[in-house]
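So you know, we letter chains A, B, ... as the sequences are listed, proteins then strands, and number each from 1.
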2 protein chains.
Amino acid sequence: MKRITMKDVALKAGVSTAAVSYVLNGKEGKVSETTLLKIQQAMAELNYIPDYSARSLASNRSNLIGVVIPQTEDQAQLLLENPFYSDLVCGIESQLRLKNYHLILSGVDKDKGYLDVSMQRNLDGAIIMGIYQEGFYEELKKVDIPIVLVDSYIEDAYFTTLGIDDEHGGKMATEHLLESGHTNIALVTGAIRKGGVIEKRYAGYRQALREANIFYNPDNVFEGSVSYEYGVEAGRLIAQDHPHITAVCATSDMVAIGVINGLNEFGKRVPDDISIIGFDDISYAKTFIPHLTTIGQHISSRGVMAAQLLIEAIEGKRESKQSNIVLPIELIKRDSVKVIP
Amino acid sequence: MKRITMKDVALKAGVSTAAVSYVLNGKEGKVSETTLLKIQQAMAELNYIPDYSARSLASNRSNLIGVVIPQTEDQAQLLLENPFYSDLVCGIESQLRLKNYHLILSGVDKDKGYLDVSMQRNLDGAIIMGIYQEGFYEELKKVDIPIVLVDSYIEDAYFTTLGIDDEHGGKMATEHLLESGHTNIALVTGAIRKGGVIEKRYAGYRQALREANIFYNPDNVFEGSVSYEYGVEAGRLIAQDHPHITAVCATSDMVAIGVINGLNEFGKRVPDDISIIGFDDISYAKTFIPHLTTIGQHISSRGVMAAQLLIEAIEGKRESKQSNIVLPIELIKRDSVKVIP
DNA sequence: TTGTAGGCGTTATCAA
DNA sequence: TTGATAACGCCTACAA
């Protein structure tokens with residue numbers, strides 16, 4: 001299919017390519033009503049489709065947004081299998097499409113940065129999920145495009161961050177267990193890394209215990225990775241060696257589901273034998289049996305919001321590029337927590 | 001950050017931009033050993049990053065692959081929340097990144113085609129999942145780039161298709177239920193549309209019954225949408241009005257999980273009261289309780305394969321552009337089917 | 001209000 | 001083996 005260019009349109013409409021470019025870029029007022037119509041008609045008849053490569057080259061705007069997702073530990077694949085990220089991507093994509101941007105989805109190879117991609121593609125902006133090494137962010141800043149960090153506690157005024165109050169969430173979850181009569185509460189969690197959401201949720205857990213005057217027992221903390229598999233492992237351990245534990249606070253729903261499976265292997269039932277609360281409210285949470293009690297964040301609308309923030313920054317609608325947005329969370333009571341008298 | 005161009009590299013190395021372009025494109029033999037070294041060194045020192053927009057403009061190759069995913073029925077969001085698609089995307093992305101391609105992820109607006117995106121971005125190829133209206137494909141052909149169709153029975157020699165034997169899968173699933181002693185087997189399915197995978201699975205279901213000399217009862221077929229929600233609905237109906245049904249064959253794991261939830265609402269347990277088999281083996285299937293018996297296709301490796309096929313076609317390594325690949329499937333026995341004597 | 005022309009960073013065609 | 005130089009399709013001063 002031969003490419004129709006601005007020249008063709010200009011020719012057909014009997015105007016210059018500059019005029020075509022003007023209407024293409026919505027520079028109203030630069031052209032008269034009549035030429036506008038002529039051009040629009042010519043575009044429609046020729047079925048003109050602009051070439052974004054050329055546009056990007058000439059204008060330094062690509063209408064391309066980079067979206068970076070964490071990878072599995074073996075660095076082989078995206079963590080999209082964690083519905084948390086796919087939900088987020090759904091939200092982002094819908095918003096970007098609405099605003100006429102396209103989305104380049106990728107992971108980042110270990111020891112490789114994101115500078116390459118952003119320069120190669122002339123990205124207009126990027127949404128980064130998860131946390132990376134220090135150097136990653138420094139490099140990112142050099143590119144000088146708006147960036148939204150999702151779930152990162154990086155303290156750097158350069159970035160816009162979009163998160164939730166993870167510490168409060170961890171506290172809410174633990175308190176719900178406490179209020180339900182549990183006092184021997186385990187925490188099953190991914191690696192507690194500095195600057196990550198897990199660290200905060202862990203802090204919330206400890207604070208809730210403290211405020212309830214409950215002794216913090218390090219043996220009750222199971223720290224591994226944010227994955228189903230680790231959850232299973234922890235569940236097994238709890239079932240076998242920790243008969244005193246009556247409730248588990250998991251720092252992610254996937255982990256919670258793993259724990260339930262691990263417990264199940266040893267005949268422990270949720271919530272009858274052990275109660276559990278998750279975190280995130282991924283779409284599985286309400287389809288799993290028992291329906292998971294969890295801390296809900298509106299994942300998909302977070303994606304929408306991330307995209308909106310980014311676009312605003314790109315199009316210069318926000319005064320200050322930088323801001324730190326904290327979205328509300330809520331306790332969602334379902335069936336995985338039992339009240340004990 | 002000021003952009004380093006080929007010119008800068010050429011200047012530093014004391015050669016022409018043409019020479020730089022040669023080494024960039026691995027045209028070995030076009031340059032002498034010494035200039036090669038000089039250029040490579042200059043690139044490294046300057047930290048040169050090529051501009052793909054310019055390259056795309058000049059060469060008509062973008063190293064960009066379009067990936068299209070079906071949308072939710074309200075056309076608002078991607079169906080990425082269905083882990084089937086996110087698993088696929090994982091596979092695709094990993095392979096593309098390996099081969100130095102980038103991935104543009106998007107849905108397609110109703111009554112809009114994909115011609116726009118592919119022309120705008122000069123896509124080198126595309127992977128399309130799911131089925132669309134007739135016109136969609138005709139339009140796609142005009143763009144004249146390699147295209148891999150995943151899960152589509154479109155009969156058109158133009159496209160490479162990558163699928164599984166859905167009919168056989170439907171049959172295997174039903175037979176497993178039959179062999180487990182069930183004779184009154186419901187089918188819960190999404191819309192049975194022509195050219196789609198569901199139609200084939202449905203055919204497999206019927207054939208298995210026929211071969212077992214079991215009367216096909218249309219009342220046992222629950223046709224809705226491929227979604228958790230519809231599964232719940234069907235599960236409720238079965239629990240309430242169809243006491244004779246002892247097993248359910250679902251045409252997708254998400255539907256199966258919905259059915260289980262619907263049954264559960266009325267106190268029917270799986271597999272004790274009713275057996276169920278799913279389809280796809282999404283990652284969720286083995287984490288769900290009861291672990292889902294299902295028809296397994298290696299989803300993520302399918303993604304890898306789709307990407308490989310596409311790249312081969314793009315880089316002209318395959319003689320015939322077109323082919324129809326059918327991947328193997330297998331019955332995965334887990335805990336959701338009970339043998340009745 | 002309209003048109004001309006140079007430039008964006010690469011590739012590719014020809015000569016040298 | 002190298003190096004000018006003309007595309008590629010679009011944007012944008014600047015001039016008319």
Side-chain angles (χ1 to χ4, degrees), chain A residues 1-40 42-43 46-64 100 116 118-124, chain B residues 1-40 42-43 46-64 100 116 118-124:
Chain A
M1 191 174 181
K2 207 197 135 286
R3 171 144 228 135
I4 306 290
T5 73
M6 273 189 9
K7 223 187 233 166
D8 301 318
V9 177
L11 215 63
K12 176 139 196 157
V15 298
S16 76
T17 59
V20 179
S21 176
Y22 290 145
V23 337
L24 206 64
N25 294 289
K27 299 255 201 280
E28 317 295 350
K30 291 283 286 184
V31 293
S32 69
E33 189 73 11
T34 49
T35 44
L36 176 65
L37 284 173
K38 273 193 297 187
I39 293 172
Q40 285 177 330
M43 280 182 175
L46 262 40
N47 199 3
Y48 169 67
I49 299 172
D51 182 327
Y52 277 58
S53 304
R55 173 184 290 200
S56 159
L57 186 58
S59 70
N60 262 319
R61 296 205 58 245
S62 62
N63 278 52
L64 230 34
N100 197 33
D116 283 33
S118 33
M119 293 289 284
Q120 284 167 350
R121 298 294 180 189
N122 259 302
L123 297 186
D124 286 347
Chain B
M1 188 174 185
K2 204 199 134 287
R3 170 144 231 136
I4 306 290
T5 72
M6 274 189 10
K7 225 187 232 166
D8 301 317
V9 177
L11 214 65
K12 177 139 197 156
V15 297
S16 77
T17 59
V20 180
S21 176
Y22 289 144
V23 338
L24 207 65
N25 294 290
K27 299 254 204 280
E28 318 295 348
K30 292 283 286 182
V31 293
S32 68
E33 189 74 12
T34 50
T35 44
L36 175 66
L37 283 172
K38 274 193 296 186
I39 292 172
Q40 285 176 332
M43 279 184 177
L46 260 37
N47 198 4
Y48 168 67
I49 299 173
D51 182 325
Y52 278 58
S53 304
R55 172 183 290 200
S56 157
L57 185 57
S59 70
N60 264 320
R61 296 205 58 245
S62 62
N63 279 53
L64 231 33
N100 197 33
D116 283 33
S118 33
M119 293 290 283
Q120 285 167 351
R121 297 295 179 189
N122 258 303
L123 298 185
D124 285 346

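With rounding to whole Å, A:Leu46 atom CG is found 15 Å from D:dG9 atom C1'. The interatomic distance linking A:Leu37 (CG) with C:dT1 (P) rounds to 14 Å, in whole Å. Rounded to whole Å, the distance from CG on B:Leu11 to P on C:dG9 is 14 Å. Atom CE in B:Met6 sits about 13 Å away from atom C1' in C:dC8, given to the nearest Å. Distance A:Asn60 CG to D:dC10 P: 17 Å, rounded to the nearest Å. Atom NZ in B:Lys7 sits about 10 Å away from atom C1' in C:dC8, given to the nearest Å. Atom CZ in A:Arg3 sits roughly 19 Å away from atom P in D:dA7 (whole-Å rounding). One atom, CE of B:Met43, and another, P of C:dG9, lie 15 Å apart when rounded to the nearest Å.
Side-chain atoms of A:Ala58 lie closest to C:dG7 of the nucleotides C:dT10, D:dT1, C:dG7. Side-chain atoms of A:Ser16 lie closest to C:dG3 of the nucleotides D:dC10, C:dG3, C:dG9. For B:Leu57, counting side-chain heavy atoms from C-beta on, the closest listed nucleotide (C:dG9, C:dT11, D:dT2) is C:dG9. Residue A:Ala19 has its side chain nearest to C:dG3 when only C:dG9, C:dG3, D:dT2 are considered. The nucleotide whose nearest atom lies closest to any side-chain atom of B:Thr5 is, among C:dT10, D:dG9, C:dT2, C:dT10. Proximity note for B:Ser59 (side chain, C-beta onward) versus D:dC10, C:dA12, D:dC14: the nearest is C:dA12. Considering only the side chain of A:Ala54, D:dC10 comes nearest among D:dC10, D:dC8, D:dG3.
Side-chain N/O atoms of B:Thr35 include none lying less than 4.0 angstrom from OP1 or OP2 on D:dT1. At the phosphate of D:dA4, neither OP1 nor OP2 sits under 4.0 Å from any side-chain N or O atom of B:Thr17.
Using a 4.0 Å heavy-atom criterion, one finds that B:Tyr52 contacts no nucleic acid atom at all. In this structure, B:Val15 reaches the sugar-phosphate backbone alone: every heavy-atom distance under 4.0 Å involves primed, P, OP1 or OP2 atoms, never a base. Residue-level contact check: A:Ser21 touches the bases, meaning some heavy atom is under 4.0 Å from a base atom.
Minimum heavy-atom separation, B:Ser53 to A:Ser56: OG-OG, 2.9 Å.
In this structure a side-chain-to-backbone donor-acceptor pair under 3.5 Å is present from B:Asn63 to B:Asn100.
Rounding to the nearest 0.5 Å places CG of B:Leu24 at 5.0 Å from OH of B:Tyr48. Interatomic distance, CG of A:Asp51 versus OG of B:Ser62, reported as 10.0 Å (0.5 Å rounding). Separation of atoms CD1 (B:Ile39) and OG1 (B:Thr17) is listed at 10.0 Å; rounding is to 0.5 Å.
Judged by closest nucleotide on DNA chain D, B:Thr34 is the one of A:Asn25 and B:Thr34 placed further toward the 5' end. Residue B:Ala18 is the one, among B:Ala18 and A:Asp51, whose nearest nucleotide of DNA chain D lies closer to the 5' end (criterion: closest heavy atom).
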Pair A:Arg3-B:Met119, side-chain contact (heavy atoms from CB on, under 4.5 Å): steps then yes or no: CA-CA 8 Å; A:Arg3 171 144 228 135; B:Met119 293 290 283; 4.2 Å; yes
